[in-house]
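Residue numbering restarts at 1 for every chain, and letters A, B, ... go by the order of the sequence lines.
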Number of protein chains: 2
Amino acid sequence: MKLSDRKKKILQYVVDDYINSAQPVSSKSITEKYMPDISSATVRSELAGLEELGYLNQPHSSAGRVPSIEAYKLYVTELMDKGKLTSKELNFIKEAFRDRADNLETVVQNTVKVISELTDLTSVAVTSHSDKEKILKIDIFKYKPTKALLLVVTESTLIRDKFIDIPENMSDEQLLDAGRMISNLFVGKTFNEIVNLESAITEEFSAYKEIFERVMTAIEEYFEKDNVKVVVDGEGKILNHTEYNNDGEKVKNFLSVVTSKDRICELLNQEEQGIEINIKIGGDDKKDLPEDCSMVTATYSAGGVRLGSYGVIGPLRMDYQKVVSVLEGVGKILEDILNENK
Amino acid sequence: MKLSDRKKKILQYVVDDYINSAQPVSSKSITEKYMPDISSATVRSELAGLEELGYLNQPHSSAGRVPSIEAYKLYVTELMDKGKLTSKELNFIKEAFRDRADNLETVVQNTVKVISELTDLTSVAVTSHSDKEKILKIDIFKYKPTKALLLVVTESTLIRDKFIDIPENMSDEQLLDAGRMISNLFVGKTFNEIVNLESAITEEFSAYKEIFERVMTAIEEYFEKDNVKVVVDGEGKILNHTEYNNDGEKVKNFLSVVTSKDRICELLNQEEQGIEINIKIGGDDKKDLPEDCSMVTATYSAGGVRLGSYGVIGPLRMDYQKVVSVLEGVGKILEDILNENK
DNA sequence: ATTTAGCACTCAAACCTTGCGAGTGCTAAC
DNA sequence: GTTAGCACTCGCAAGGTTTGAGTGCTAAAT
């Protein structure tokens, strides 16, 4: 059986309707609302067809139809009308970003907050710092008799600090001197370049070999695990959605994901680059997404460089139209801000 | 009517029992479990007395008794037996703190995690940086043509960064020079001292008045709003407790509190100093605590200086005995670590 | 070949009714 | 002051009934 245009149309109606009523959709309601010129019996046979194709399910034999995961996928990629933000919503977004904060983190916090408010969903974002960023400043200074603090600042004002043990036989002057040398060597370079330097350079630093290695280790550690910031807002929004209302287990599961930075990171970092809006629907393909959840994400970038991703996580039955338009709307403003700050 | 010893004993049994059964407690079960030498009828009349005194409630006329808020308060302050951690629990705590992290934040993250796991409750902590901390390092450097980055490091390795507009007519050398002067002036002083300096010093800086004031403003801002870190773990743990299982509204309310740094801060900062373990029971006296919630907190300090508070938030019906012993157990280890790090 | 009206069938949800049992309060005796 | 005994209350679970929305099928109409 093929997906005729009429079937597609009807499928769209079913999903539309189900998204905002949360009730199985009946043949009658479709004819009444959308197709007054054909009869419910006709729609009924079309629905039976769509069910056979795997796009619809029946909770029980005398109920209306409910979209399957397949249906959602098709809906989002092909069927769905493109939404538009109301001027009220647009103003809300603009208002939220009015006092331009100067650090990325505040901007991202604003972003997730706005998205969560407008979509009534949990909103998440990660900022990933590219290893192509240059180091602006690197500084080592004595903090306690045996410990020094290493401070690294990068272009996107990522700031990192870490304690380093001062080698036993090192004097204060030597520490200062080593700090100067390391600074001279590292400032202006990217993390990538530094890691490659390592082997070639150690000669030169023979006197400060020990401290140099500790700095390298610290910098490498930033890369391995500490390279992202995660921001979440509206964790509890899931409870505004009926399918989660009486299912403690589901909520627990959902919360355990959105309150874990690691899990969120994992989810958002699968993001392929360059794709504007990306939709993942939980259950089958994505094991790490909570059950019956879907995630819509976008990336933000400045000057062509991807800085991170943001998006929403919520029930399968979410208002994709609205979500997509909100993400796009926020995205535009975000890029403006980021490019301006560059 | 007075609270006879027997009434107290019975009240304790009721609360004990209710805490781990979540069911109204009957006269019969009390005699059977705890007082086999008197009859249920006797207990019944005592229960009636306790009800009249406001310590017990009856969900309906033919049900057992349930503790009132007053009863919980009395229970916690007077009635409750002192709990002891099992060696298993103690080991769990020690294990969690084994690899001593060197920064406060990691330690606090560990703390809330351990507490949340052991108590099965949401655990929160705030670290407040005292304004008596000395500044270890202050640095201003050019970041973009019109912007400089201000970096402040304090004793407890609080690190703060903020963008500052560079005054229009300022050269790079002047900026460096101003940075040096400000560093000379500020390093080794506490925030408090600096704020007081302000008026007296500006003369000297006439050339750099503008940048100096911007630095001052930035530092003051840290104090007004940015002075605490909040850490939370086990946000979803509330769902493990039956009273919240089928009440979406309650859960929503609860989550909106524990996911808001501001709200948590407010709650934990009401903490009076010097009090070891502190119990707040929601509903009547504390409006800002979610409904039917109570909060048990402790403070942690190093060298006699209070660094912050930590504790749990959960349903009224929580295992206070265990919570208190966990908080105390963690507290001891925490103080060891902090003092050692000093 | 589609479309439609008509009708029998299905099934969840809402609503009653009923019986059970846990727990109480009261009273009268100890 | 304590206890046994008993009548009473009330939530809860189980079972039964009704209702109505929605379907699938069939036979006639286009």
Side-chain angles (χ1 to χ4, degrees), chain A residues 1-11 13-15 17-18 21-68 71 242-243 245-247, chain B residues 1-11 13-15 17-18 21-68 71 242-243 245-247:
Chain A
M1 203 183 307
K2 267 293 301 287
L3 257 190
S4 67
D5 281 359
R6 191 169 69 181
K7 278 207 179 58
K8 282 188 186 171
K9 212 73 199 147
I10 289 177
L11 186 53
Y13 293 146
V14 173
V15 182
D17 227 62
Y18 185 68
S21 75
Q23 297 298 324
V25 182
S26 74
S27 55
K28 198 172 151 219
S29 74
I30 293 178
T31 51
E32 276 172 2
K33 276 191 233 169
Y34 309 107
M35 313 180 106
D37 37 348
I38 61 175
S39 91
S40 65
T42 312
V43 173
R44 216 138 55 224
S45 71
E46 293 285 59
L47 290 176
L50 285 164
E51 184 167 1
E52 200 163 321
L53 288 164
Y55 290 110
L56 294 177
N57 294 316
Q58 252 180 320
H60 57 87
S61 75
S62 71
R65 300 309 207 288
V66 162
S68 70
T242 43
E243 33 270 86
N245 247 350
N246 289 312
D247 195 332
Chain B
M1 205 182 307
K2 266 293 300 291
L3 255 191
S4 67
D5 280 359
R6 192 169 69 181
K7 279 208 179 57
K8 282 188 186 170
K9 213 72 197 146
I10 290 177
L11 185 54
Y13 293 146
V14 172
V15 181
D17 229 61
Y18 185 68
S21 75
Q23 297 297 324
V25 181
S26 75
S27 55
K28 197 171 151 222
S29 73
I30 293 179
T31 50
E32 276 171 3
K33 274 190 236 172
Y34 308 107
M35 313 179 105
D37 37 346
I38 62 175
S39 90
S40 67
T42 312
V43 172
R44 216 137 57 222
S45 71
E46 293 285 58
L47 290 176
L50 284 164
E51 183 166 2
E52 201 162 320
L53 288 164
Y55 289 111
L56 294 177
N57 295 315
Q58 253 181 320
H60 57 89
S61 73
S62 71
R65 301 309 209 287
V66 164
S68 68
T242 44
E243 32 270 86
N245 246 351
N246 289 311
D247 196 331

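- When base pairs are accepted only as Watson-Crick or G-U wobble with both N-N or N-O distances under 3.5 Å, DNA chain C takes part in stems of 3 or more pairs at C:1-30 with D:1-30.
- At a threshold of 4.0 angstrom between heavy atoms, the contacts of B:Ser40 with the nucleic acid are absent.
- When the side-chain nitrogen and oxygen atoms of B:Arg65 are compared with OP1 and OP2 of C:dA22, none of them lie within a distance under 4.0 Å.
- For A:Glu51 (side chain) and A:Asn57 (main-chain N/O), no donor-acceptor pair under 3.5 Å exists by modelled atom type.
- One finds no side-chain N or O of A:Arg44 lying less than 4.0 angstrom from the OP1 or OP2 phosphate oxygen of C:dT2.
- Between the side chain of A:Ser68 and the main chain of A:Tyr55, a donor-acceptor pair closer than 3.5 Å is present.
- Inter-residue side-chain proximity for B:Leu11 and B:Leu56 is flagged as met; some heavy-atom pair is nearer than 4.5 Å.
- If you check C:dT24, D:dG24, D:dT23 against the side chain of A:Ser27, the one that comes closest is D:dT23.
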Handout entry: Derivation and outcome, side-chain contact (heavy atoms from CB on, under 4.5 Å), residues B:Arg65 and B:Leu47
Key = CA-CA 8 Å; B:Arg65 301 309 209 287; B:Leu47 290 176; 4.1 Å; yes

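- Across B:Val66 and B:Pro59, no two heavy atoms sit closer than the pair CG2-CG, 4.0 Å.
- Side-chain nitrogen and oxygen atoms of B:Thr42 include none within less than 4.0 Å of the OP1 or OP2 phosphate oxygen of D:dT2.
- For A:Gln23 and D:dG20, the CD to P distance is 17 Å, given to the nearest whole Å.
- OP1 and OP2 of D:dT2 both lie 4.0 Å or more from every side-chain N or O belonging to B:Ser45.
- For B:Leu56 and C:dG23, the CG to P distance is 15 Å, given to the nearest whole Å.
- Between A:Asp37 atom CG and D:dT30 atom P the separation is 17 Å, expressed in whole Å.
- A:Ile38 has its CD1 atom 11 Å from the P atom of C:dA5, to the nearest Å.
- For B:Ser61, a side-chain nitrogen or oxygen approaches OP1 or OP2 of D:dC10 to under 4.0 Å.
- For the pair B:Met35 CE and D:dT3 P, the interatomic distance rounds to 11 Å; values are reported in whole Å.
- Side-chain contact check for A:Arg44 versus A:Lys28: every heavy-atom pair is 4.5 Å or farther apart.
- Protein atom NE2 of B:His60 is 10 Å distant from nucleotide atom P of C:dG23, rounded to whole Å.
- Relative to the side chain of A:Arg6, the nucleotides C:dT3, C:dG25, D:dG22 differ in distance, and C:dT3 lies closest.
- The side chain of B:Ala41 has D:dA4 as its nearest neighbour among D:dA21, D:dG24, D:dA4.
- Here the closest heavy-atom approach between residue A:Tyr34 and residue A:Asp17 is recorded as OH-OD1, 2.7 Å.
- Atom CD1 of A:Ile10 and atom C1' of C:dT3 are 13 Å apart (whole Å).
- Atom pair A:Lys28:NZ and C:dT4:P shows a separation of 16 Å (rounding to whole Å applied).
- Taking only distance into account, the side chain of A:Ser39 never meets the base of C:dT4 through a donor-acceptor pair shorter than 3.5 Å.
- Between B:Leu50 and B:Leu3 the shortest side-chain heavy-atom distance falls below 4.5 Å.
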